[in-house]
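This report concerns only the one structure given below.
A note on names: the letters A, B, ... follow the listed sequences, proteins ahead of strands, and every chain is numbered from 1.
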Amino acid sequence: MKTEKGTSLWKDAWLRLSHNKPAICGLFVLITIFLTSLILPSIPGFLQDPNLPDLLGKNQPPSAAHHLGTDQLGRDIFSRVFYGGRISIAVGLITTLVAVTIGVVWGATAGYVGGWLDDLMMRIVEILYALPFLVIVILLSITIEPWTSELTKVTVALFSGGSSDRLEVENTRTWVEPLTTLVPLFIAIGALSWLTVSRIVRAQVQNVAKMDFVEAARSLGLSHIRILFQHILPNTLGPIIVYTTLTIPSVMLLEAALSFLGLGVKAPNSSWGILIKEGADAMLTNPYLLIFPSIALSSTLIALNFLGDGLRDALDPKSAK
Amino acid sequence: MIKNLLSRFLQGLVVMFVLFTITFFLVKAMPGGPFQSEKAIPAHIKAKIEAYYGLDKPMGVQYLKLLANYLKGDPGLSLRLEGRPVTQIIGEAFPVSFQLGVVAMSIALLVGIPSGCIAAAKKNGLLDVGSMGFAMVGVCLPSFVIGPVLAETFGRSLKWFPAMGWNASSPQTWILPAITLGLGTAAYVSRLTRAGMIETLSQDFVRTAKAKGVPGWKILIRHCLRGGLIPAVAYIGPAFAGIVSGSVVIESIFQIPGMGRHFIKAIETRDSSVLIASVLLYGALVILANLFSDIAGVWLNPRLRSGKN
C-alpha cells in the first residue's frame with residue numbers, strides 16, 4: 001500500500017520561497033558576494049595588496065592590470081572592495097549574531113516566565129527603544145576602546161604562546177588585530193540591535209507556551225530550561241530566521257555610517273563605509289572610487305532585503321505585509 | 001485616553017533619567033580627556049582647570065551635582081569652547097538642525113504617502129512596481145552615497161543649488177540636504193502606506209461603496225485613507241528618531257552648522273558637558289515624536305480610544 005507523505009514546514013517554506021523571483025535573485029547575489037568577499041582575499045597572490053601604494057599609478061581608470069582602477073594613492077580598488085567587503089560582511093554577521101542571541105534569550109525568558117519579570121523586561125526594551133540609537137552607539141564604541149586594546153594584547157600573547165620571538169608576535173598581531181579592534185563595534189551595535197527580535201520572540205513564545213504539547217512536556221516533569229529551549233524555541237525558528245535576515249542589512253548600514261563619520265572601522269582595515277567616504281572625498285577627480293564600493297554595499301543591502309521579505313512571506317505567512 | 005497619555009509622559013521622564021545616567025557614565029568612561037593637548041599642561045595648572053569645572057570631585061558627587069543642575073535647567077559650561085555656556089552653543093545649533101529635520105520629514109511624508117496610495121490603488125500595475133522598486137532603492141542606498149552624488153551633480157556641476165552650507169532664510173540651501181535626509185524615510189513611509197492601504201482596500205465596506213457606485217478616487221481618499229495611514233503614522237516616531245540620527249551624517253556631508261557637527265566635535269574633544277546636553281536633547285526629541293505618533297494613531301483609529309492600549 002502506498003502512503004501519502006506529508007511535506008514538512010521547511011519544505012513548504014522552500015517551495016513558497018522558490019516561487020518568489022526577487023528573493024531567489026537576492027539569495028543568488030548574496031551567495032556570490034559573500035563567497036567572493038570571503039574566499040578571494042584568502043587566496044594568496046590572487047588579489048593585489050589592498051594597502052600597497054603606487055605613486056606612479058594614481059587615479060587610473062579601470063584596466064587589465066587594475067580591474068576597477070586605482071585610488072588617489074595608487075592602491076588597487078578591485079582588491080580594496082573585496083577586502084573591505086570581508087570586514088563589512090564580518091561586522092554584519094557577527095553583530096547580528098550578538099543581537100539575535102541577546103534578543104532570543106531576552107524575549108524567550110520574558111515570554112515564558114511572564115508576570116512581573118515580563119513587565120520589567122519589556123519596560124526596559126521600551127526605554128531602550130526610545131533612546132537616540134546612533135548617538136548611543138557612537139558613545140559606546142568609544143568608551144569601550146581601551147578594553148579592546150587590552151584584549152588585543154591578551155589575545156596576541158595567547159596565540160603566540162608567550163613566545164619572545166619578535167617576528168612570531170608580529171605575525172600573530174597582523175591577523176589578531178583586525179578582529180579584536182572591531183570588537184567594540186560588534187558589541188556596541190549588537191547590544192542595541194536586539195530589541196525588535198526580542199519583542200517578536202516574546203510574542204511567539206507566549207503563543208507556543210499555551211499549546212498542549214508544552215503542557216504534556218511539563219507533566220512529564222521536564223525542566224523549564226529544557227521545555228523552553230528544546231520544545232518551544234524550535235517552534236519559533238521561522239520568525240527568528242526572518243528577522244535575522246532583516247537585521248543584517250540594518251547593522252551593515254549602521255557600520256557603514258559610523259565608518260563614514262570616521263568612528264567605526266579604522267585604517268589600515270577598510271570597510272565599504274570607509275571606501276565610500278574616501279570615494280565621496282575624491283568624487284571630482286575619480287568617480288570610480290565612489291561608484292564601485294557603493295554598488296557593492298547597495299546590492300548587498302537590496303539582496304538581503306528582498307531575501308528577508310521573501311522569507312517572511314514563506315515562513316511567517318500571517319505577518320506578511 | 002488622558003490616563004494613557006499621562007503614563008506615557010511619566011514614562012518619558014523615566015527614559016530621560018535613564019538616558020542621563022547612561023550618557024553621564026559612558027562619557028566619563030571615555031579614554032582621554034578634554035584638557036589633553038600636544039604640549040603637556042603642567043600638573044598644577046591642569047588641577048586648577050579641573051577644579052574650576054568641578055572635575056576633581058568623586059564621580060558620584062559630579063553625577064548628583066550635574067543632575068541637580070539639569071533639574072534647575074542649567075547644563076553648565078562647555079569644556080572646550082572657552083567656557084561658553086552649553087545653552088548658548090545649543091541655542092545656536094539647534095534651530096538649524098530642527099529646520100533641516102522638519103523640512104526632511106515634510107518631504108518624506110509628501111512623497112511617501114501619495115506614492116504609497118497610488119501604488120496600492122494600482123496594485124501590481126506599472127506604477128506600483130515602479131514606485132516600490134524606487135522605494136527599495138531608497139531604503140538601501142545610504143544617505144552618505146546619495147548626499148555626495150547630489151551635491152556633486154546639482155551643486156557643483158549644474159549649479160542649481162549650493163553644494164554645501166546652510167542659510168536659514170534662503171530655502172535654496174535647504175533643498176539638497178533635506179532631500180538626502182528625507183529620501184530613506186520617504187521610501188519607508190511609502191512602503192508602509194501601500195501595505196496599510198491594500199489592507200484597508202480589501203475590507204467589506206469598500207466593496208459596499210463600490211457597489212453603490214462611489215468613484216474610485218473617492219473610495220481611496222474619503223473611505224480608506226484614514227485607516228490606511230495607521231501603519232505609516234505609527235512609524236512617524238521611529239522615523240523622526242531616524243532623521244535625528246541621520247542628520248549627524250548629513251550635517252557632516254553638507255557642512256551644516258547644526259547639532260550633529262557639535263556632537264561629532266564634542267566627541268573628538270571629549271567635551272562632556274556639550275555631549276551630555278546634546279544626547280539629552282536628541283532623546284527628548286525622540287520621546288516627543290513617539291508621543292505625537294501615539295496621539296495621532298489614537299485620533300486615526302477609534303478602536304484605540306476606549307479600553308486598554
Side-chain angles (χ1 to χ4, degrees), chain A residues 22 123-124 126-147 149 188 196 249-250 252-254 256-263 272-273 276-277 279-284 287 290-291 293-295 297-306 309 320-321, chain B residues 11-12 14-16 18-19 22-23 25-32 136-137 139-145 147-149 151-152 156-157 184 191-192 194-196 198-199 231 237-238 241-242 244-246 248-249 252-253 260 263-264 267-268 270 275 278-283 285-287 290:
Chain A
R123 225 7 89 77
I124 292 176
E126 253 171 63
I127 288 176
L128 289 177
Y129 250 119
L131 298 183
F133 184 69
L134 181 75
V135 167
I136 301 284
V137 170
I138 291 176
L139 290 186
L140 199 59
S141 68
I142 290 177
T143 303
I144 53 185
E145 247 170 32
W147 295 341
S149 55
T196 310
S250 65
M252 287 180 73
L253 202 54
L254 201 62
L258 284 181
S259 302
F260 184 85
L261 290 171
L263 296 164
W272 285 335
I276 290 174
K277 166 76 179 156
D281 290 343
M283 226 179 92
L284 270 189
L290 178 63
I291 294 171
S294 304
I295 291 178
L297 177 66
S298 297
S299 50
T300 310
L301 296 180
I302 292 179
L304 275 164
N305 272 306
F306 274 135
D309 283 353
K321 280 179 192 155
Chain B
Q11 197 181 336
V14 175
V15 173
M16 288 303 285
V18 173
L19 186 59
I22 293 178
T23 317
F25 288 104
L26 278 182
V27 166
K28 293 291 174 186
M30 278 185 182
M136 187 52 108
V137 173
V139 170
C140 294
L141 253 188
S143 57
F144 44 87
V145 173
V149 172
E152 215 49 64
R156 292 202 186 87
S157 303
R191 286 174 57 156
L192 288 172
R194 175 179 178 271
I198 286 178
E199 166 108 35
V244 164
S245 314
V248 177
V249 178
S252 100
I253 296 175
F263 178 70
I264 298 291
I267 281 188
E268 284 163 6
R270 306 288 189 259
L275 267 182
S278 30
V279 174
L280 283 181
L281 187 60
Y282 282 139
L285 283 175
V286 173
I287 291 169
N290 278 323

Structural part of I198(B) lying under 4.5 Å from a heavy atom of chain A | neither
Of all of I138(A), D281(A), I136(A), which one pairs up most often with chain B through heavy atoms under 4.5 Å apart?
-> I138(A)
First locate atom CD1 of I142(A), then atom CD1 of I267(B), and finally report the distance between them rounded to the nearest 0.5 Å.
-> 4.5 Å
Determine the minimum heavy-atom distance between F260(A) and S252(B), stating which atoms define it.
-> CE2-OG, 4.3 Å
CG/D309(A) to CZ/R191(B) distance, rounded to the nearest 0.5 angstrom?
-> 5.0 Å
Portion of V18(B) that has a non-hydrogen atom of chain A nearer than 4.5 angstrom | side chain
Cut-off 4.5 Å, heavy atoms of chain B, and the answer for L290(A) is side chain
Walk me through it: do L139(A) and M30(B) pass the test side-chain contact (heavy atoms from CB on, under 4.5 Å)?
-> CA-CA 8 Å; L139(A) 290 186; M30(B) 278 185 182; 3.3 Å; yes
Per-residue contact mode, V149(B) against chain A (heavy atom under 4.5 angstrom) = both
Reported CD1-to-CE distance for the pair I302(A) and M136(B), which is rounded to 0.5 angstrom | 7.5 Å
Closest non-hydrogen contact found for V135(A) with Y282(B) is CG2-CD1, 3.6 Å
Where does Q11(B) contact chain A at under 4.5 Å (heavy atoms): side chain, backbone, both or neither?
-> side chain
Heavy-atom distances under 4.5 Å only: say whether I264(B) touches chain A with side chain, backbone, both or neither.
-> side chain
Check whether L297(A) gets within reach of chain B through its side chain, its backbone, both or neither, counting any heavy atom under 4.5 Å.
-> side chain
Region of I276(A) that comes under 4.5 Å of a non-hydrogen atom in chain B | side chain
Nearest heavy-atom contact between T143(A) and L26(B) is OG1-O, 2.9 Å
L285(B) versus chain A, heavy atoms under 4.5 Å apart: side chain, backbone, both or neither?
-> neither
Shortest non-hydrogen pair, A256(A) vs F144(B), comes out as CB-CZ, 3.4 Å
